[in-house]
Visitor: 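Structure below; questions to follow.
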Amino acid sequence: MTAKSVERYNPRVEEPRWQRLWEERQSFVVSNDDPRPRYYVLEMFPYPSGRIHMGHVRNYTMGDVLARYKRARGFNVLHPMGWDAFGLPAENAAIERGVHPGTWTRQNIAAMKAQLKAIGLGLDWSREIATCDVAYYHQQQKLFLDFLEAGLVARKQSKVNWDPVDMTVLANEQVIDGRGWRSGAPVEQRELTQWFLKVSDYSEALLEALDGLDGWPEKVRVMQRNWIGRSEGLRLLFEVLPGASAGATSIEVFTTRPDTIFGASFIALSPDHPLAARLAESDGALRDFIAECHRQGTATEVIEKAEKHGHFTGLRVRHPVRDGETLPVYVANFVLMDYGTGAIFGCPAHDQRDLDFARRYGLPVLPVVLPEGADPAAFAVEDEAYTGPGTIYNSGFLDGLAIEAAKARIAAHFGGREVDGRPQGVVEVNYRLRDWGISRQRYWGCPIPVVHCEVCGTVPVPHKDLPVVLPDDVSFDRPGNPLDHHPTWKHVACPRCGGPAQRETDTMDTFVDSSWYYARFTAPGAAGPTDRAAADAWLPVDQYIGGIEHAILHLLYSRFFARAMHKTGHVSVDEPFRGLFTQGMVTHETYKSGSGEWLAPEDVVLEASGETRTARHAETGAPVAIGAIEKMSKSKKNVVDPDEIVATYGADTARWFMLSDSPPERDVQWTEAGIEGAGRFLQRVWKLVHESIGVFERFPGAVAPSVLEEGELLEVRRLTHRTVARVGEDIEALRFNRAVAHIYELANGLSRLASEETAPAAMFGTAGHVGVLREGIERLVQLLAPMMPHLAESCWAALGKDGIVADAPWPEADPGLLVEASIVLPVQVNGKRRGEISVPVDASQATIEKEALSLEAVSRMLGGSAPKKVIIVPNRIVNVVV
RNA sequence: GCGGGCGUGGUGGAACCGGUAGACACACAGGACUUAAAAUCCUGAGGGGGUAUCCCCGUGCGGGUUCGACUCCCGCCGCCCGCACCA
């Protein structure tokens, strides 16, 4: 060993140094006027909860690797960061700790910004935005007014989850087992007048465009398709027979199975159907039934167990295709008001719910679809509805038709007819997707810029009066919306008539804030919501990275917003994100004490004897149970604080570990051993670079590797260039774990050359050796630069290279070094590997065959006879068939 | 129930388009260095058999296609995720 011993790399000194330098040089500040090709990398911006967690580290490291790589590839890379800063936790902090939501939020932002900087992210902080800044929500209010004018906003009544203690609307996610998540009070269903964004106007567009989003995971596209939930069917009118019908002369239903109309045996109304309400006025039992349905709630669990119940209304309708027959009308608990028409016809033989209902109330079950090959005389439906394909029978003029043909036939049959003065049998497409209710009875959100006037009604706040600013002097000493309690804020003059009026005190759902921030980043200081030229230049986002938990809401809302902003002239795209990547979670083992309490990793000492792992408490020594590997969460205490990791190991080590091993779309398990392994590699690279510098100093003058290298030197050159090519491909495809593995291989190969003990003595110090080593080391540092940027800078400087590695262009692989001159071909006999031959790349088939057959193992298997066949796959394999 | 995905050593995972299964890493074992430990370096390893050349088995299970299957097809089993009374 000749190299002088090297100090360990000290990230505590080196990392802040490079972070300062990048900042001074404004290395990651990007100009909209830069002529180079653009690339927009975006990670989902965080909610400023106060601390970043390992999930953030993983997410932002991935984005940073891509951004730094693209930058080295010569792109003008936009890689911004901001804060999804409105939301309920800030109000809770205000209630619990008496701190103003704005103060709390801004403190959190400052803390988290420092943390993000400490992990060395190459972000353009000059474009930082926080959604709670007036500058941001001012623009959002403009968007709202534009949307209003464009007919994209509606004000309508809807049912909401109402917490009677906190006096606020709760999102579905905030209702746990029918109770408010904070108050614990049973949640009520209330009808409130709310503001809606008309997402459903774009149901078809949002659905169709999914096919073109080939840069998105299929899983997310499927989830959105299901969420939009398109179904095509027929609207049918059933004529109500005269009687106590509360004035109804017909009932309209929506069905996707009009082919089963001959099997209809009842009509069912939703408990929320207007007719049900009218009938209940004179029917106490029905009133009780409807109340019971409402009590039952809509929690998933309840629905799963709920049995089909109904109440006969006394009404009957004329069967539309069976002359002289009538059907009973029920109110049933399983019929939803907000899908279709809130009424169905039941065909028990071919729908499980209808069958359950029919069995309970003794209604006829008549099969009208005959499975292929079934005997019409014997086929019967017992407990299971038949929903498969077949031929229509028992159905008059539909008999003998296939299902699709029967649907068309029925549509034609009703076409042009009228019932009750309305067209019968209208073909219709229904979507599950509903309009987006954005009203929240909360303080810490973007005020909805409208005024309610007794004379003029709902009046938009004129543009000149924007922004509608949140008042600072609010109190949280009683439940409800502080904006509503504020002594003066809501009292204004009507912008139209000047008379006394009231501001809208609801604020917008925070999902509105995050539905357009990607556009704002393209020109964060623009006078309007966007600078059209900047937005056009940058959008769509080339690569968006975030968690799968946003597969529906955020991503669907953003897609709607892009269309709405397109319509109102703020952007030119319909799709905001060309590429989407959903990364996996960071998980950790869980630990439980003997008394069943969760224990934090730092309170646990792990022990291994052979391959058995045990754990005990760090202080008491009591045995600890090692539990399941789960997503890091405070409640299970299995969290690791990024700050502590950075303090102990440095940012580069944390980044490297987050990129290693696990494919980025899968969960990664945080382990002490894993982070230590990453730290070891960092030190190894540092040592390797300095060992190599020692070689360069001992043998000055030898620089460029030549084409003459052979043997091991040539192999290492090949390895270097192969790794350059592979790492580039891997990063482009976001396969960071593979890039990491390839870098390990290169480092291993170079280690042999750098040490006098392992390198062949004859070559050590020759011009070829030094040149190949230098090339390899420099490439290694460059390949590491996107992943361990600080270490790479330190090495780059130690190597005496000009400038900083962050500004160095990405290395190119020499194509000539990617192909081998001779190649090792495995030789199989009957598909089983028996040996290998080394042949020139351009060897003829005959040569290869001769070589292969002359292998001892092969000739032994042949036993003197000629092979049946020899298959040669060029550059791949030889298979001898005996 | 419907939809999507996955199943490879002790562990995380690799294997491009059907062509050497287990790259790379972690953990483990042995060795070197050290008074000792840590750190570092070297070596080993899918399972079974044999001193060894080498042989057999092996990618959840059972079949199939193919010269050749982790990869394609059919049928099972198990796990994960999403949606869920949507007519």
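Order of the sequence lines fixes the chain letters, A, B, ..., with proteins taken first and strands second; residue numbering starts at 1 for each chain.
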Visitor: Remember a base hit wins even if backbone is also touched, and classify A:Tyr744 as base, sugar-phosphate or nothing at under 4.0 Å, heavy atoms.
Guide: sugar-phosphate
Visitor: What interatomic distance, in whole Å, is found between C1' of B:U59 and the corresponding atom of B:C72?
Guide: 16 Å
Visitor: Rounding to an integer number of Å, can you tell me how far A:Asp730 CG sits from B:G13 P?
Guide: 17 Å
Visitor: If the P atom of B:A45 is compared with that of B:U35, how far apart are they to the nearest Å?
Guide: 32 Å
Visitor: For A:Arg738 and B:A25, what is the distance between atoms CZ and P respectively, to the nearest whole Å?
Guide: 16 Å
Visitor: Quickly work out the A:Ile552 CD1 to B:A84 C1' distance and round it to whole Å.
Guide: 13 Å
Visitor: Run the ring-centre check on A:Tyr557 versus A:Trp227 and record whether the distance is less than 6.0 Å.
Guide: no
Visitor: For A:Gln828, which contact category applies under a 4.0 Å heavy-atom criterion: base, sugar-phosphate, or nothing?
Guide: base
Visitor: State whether the side chain of A:Asn333 and the backbone N or O of A:Lys308 hold a donor-acceptor pair below 3.5 Å, judged by distance alone.
Guide: no
Visitor: Select base, sugar-phosphate, or nothing to describe what A:Asn748 touches, counting heavy atoms under 4.0 Å on all strands.
Guide: sugar-phosphate
Visitor: NA contact type, A:Asn879, heavy-atom cut-off 4.0 Å: base, sugar-phosphate, or nothing?
Guide: base
Visitor: Between A:Glu218 and A:Arg221, is there a side-chain N and carboxylate O pair less than 4.0 Å apart?
Guide: yes
Visitor: Taking the same atom, P, in B:C74 and in B:C85, what whole-Å distance lies between them?
Guide: 31 Å
Visitor: For B:G68, take OP1 and OP2 only and decide whether either is under 4.0 Å from a side-chain N or O of A:Arg833.
Guide: no
Visitor: What nucleic acid atoms does A:Arg834 come within less than 4.0 Å of, heavy atoms only: base, sugar-phosphate, or nothing?
Guide: sugar-phosphate
Visitor: Would you mind checking if A:Asp211 and A:Arg225 are paired as a salt bridge, meaning a charged N to carboxylate O distance below 4.0 Å?
Guide: yes
Visitor: By the 4.0 Å heavy-atom rule, please label A:Ser231 as base, sugar-phosphate, or nothing.
Guide: sugar-phosphate
Visitor: When the P atoms of B:C61 and B:U71 are considered, how many whole Å apart are they?
Guide: 11 Å
Visitor: Please report the distance separating the C1' of B:G46 from the corresponding atom of B:A29, rounded so that it comes out in whole Å.
Guide: 16 Å
Visitor: Would you indicate which nucleotide in B:C67, B:G13, B:A23 comes nearest to any side-chain atom of A:Ala741?
Guide: B:A23
Visitor: Take atom CD of A:Glu218 and atom P of B:C81, then tell me their distance rounded to the nearest Å.
Guide: 20 Å
Visitor: Classify the nucleic acid contact of A:Val335 as base, sugar-phosphate or nothing, counting any heavy atom under 4.0 Å across all strands shown.
Guide: base
Visitor: Say whether, by atom type as modelled, one donor and one acceptor occur between the side chain of A:Arg655 and the main chain of A:Pro786 under 3.5 angstrom.
Guide: yes
Visitor: With a 3.5 Å cut-off and just heavy-atom distances, do the side chain of A:Lys308 and the base of B:C85 make a donor-acceptor pair?
Guide: yes
Visitor: Among the candidates B:A87, B:G13, B:G3, find the nucleotide nearest to the side-chain atoms of A:Arg666.
Guide: B:G13
Visitor: Determine the contact category for A:Arg684: base if any of its heavy atoms lies under 4.0 Å from a base atom, sugar-phosphate if only primed atoms, P, OP1 or OP2 are that close, otherwise nothing.
Guide: sugar-phosphate
Visitor: Contact class for A:Asn737 vs. all strands (heavy atom < 4.0 Å): base, sugar-phosphate, or nothing?
Guide: sugar-phosphate
Visitor: Roughly how many Å apart are B:G9 and B:A14, using the P atom of each and rounding to a whole number?
Guide: 14 Å
Visitor: Scan A:Val222 against the nucleic acid and name what it touches under 4.0 Å (heavy atoms): base, sugar-phosphate only, or nothing.
Guide: sugar-phosphate
